K.L.:
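The following block contains the structure, expressed as structure tokens.
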Amino acid sequence: MTLAVAVYMLFINWKLTIVLLITFPFMLYITRVFGKRIRMSFRSVQSSAGDVSNELQDSISGMRLIQSFKNEELNQGGLRSVIRKI
């Protein structure tokens with residue numbers, strides 16, 4: 001199938017097909033290199049978002065207990081420190 005497409009492209013516009021076939025390996029290499037970097041960055045962002053989400057969940061689930069002991073300022077400080085790490 002791929003060979004048939006390449007032959008058809010050569011028939012339609014051989015100059016453009018040659019340019020494509022020459023640059024295609026370079027494009028694959030660039031895609032792999034940047035793909036790895038993007039995946040690593042995405043994992044870092046997801047981890048940070050998870051930390052914020054966990055801290056927020058703890059704050060929300062323990063809100064009544066915190067309010068009963070008047071420790072709201074302490075809890076807000078913990079959430080702020082997690083957000084500042086990002």
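Since the model is a prediction, treat every value here as computed from it, not as a measurement.
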K.L.:
With a 3.5 Å distance limit and no angle check, can you tell me whether Ser47 reaches the backbone of Arg43 through a side-chain donor-acceptor pair?
P.N.:
no
K.L.:
In Å and rounded to the nearest 0.5 Å, what is the CZ to OG distance from Arg39 to Ser44?
P.N.:
15.0 Å
K.L.:
Let me check something: do Ile18 and Phe26 share a hydrophobic cluster, defined by ILVMFWY side-chain heavy atoms less than 4.5 Å apart, either directly or through other members?
P.N.:
no
K.L.:
Tell me every residue that passes side chain to side chain contact (heavy atoms under 4.5 Å, CB included) with Phe24, counting only those two or more places apart in sequence or in another chain.
P.N.:
Met27, Leu28
K.L.:
Any sub-3.5 Å donor-acceptor pair from Thr23's side-chain atoms to Val19's backbone N or O?
P.N.:
yes
K.L.:
Would you give me the side-chain donor-acceptor pairs under 3.5 Å for residues 4-15, sequence neighbours excluded?
P.N.:
from	atom 1	to	atom 2	distance (Å)
Asn13	OD1	Lys15	N	3.4
Asn13	OD1	Leu16	N	3.4

K.L.:
Roughly how far, to the nearest 0.5 Å, is OG1 of Thr31 from CD1 of Ile38?
P.N.:
9.0 Å
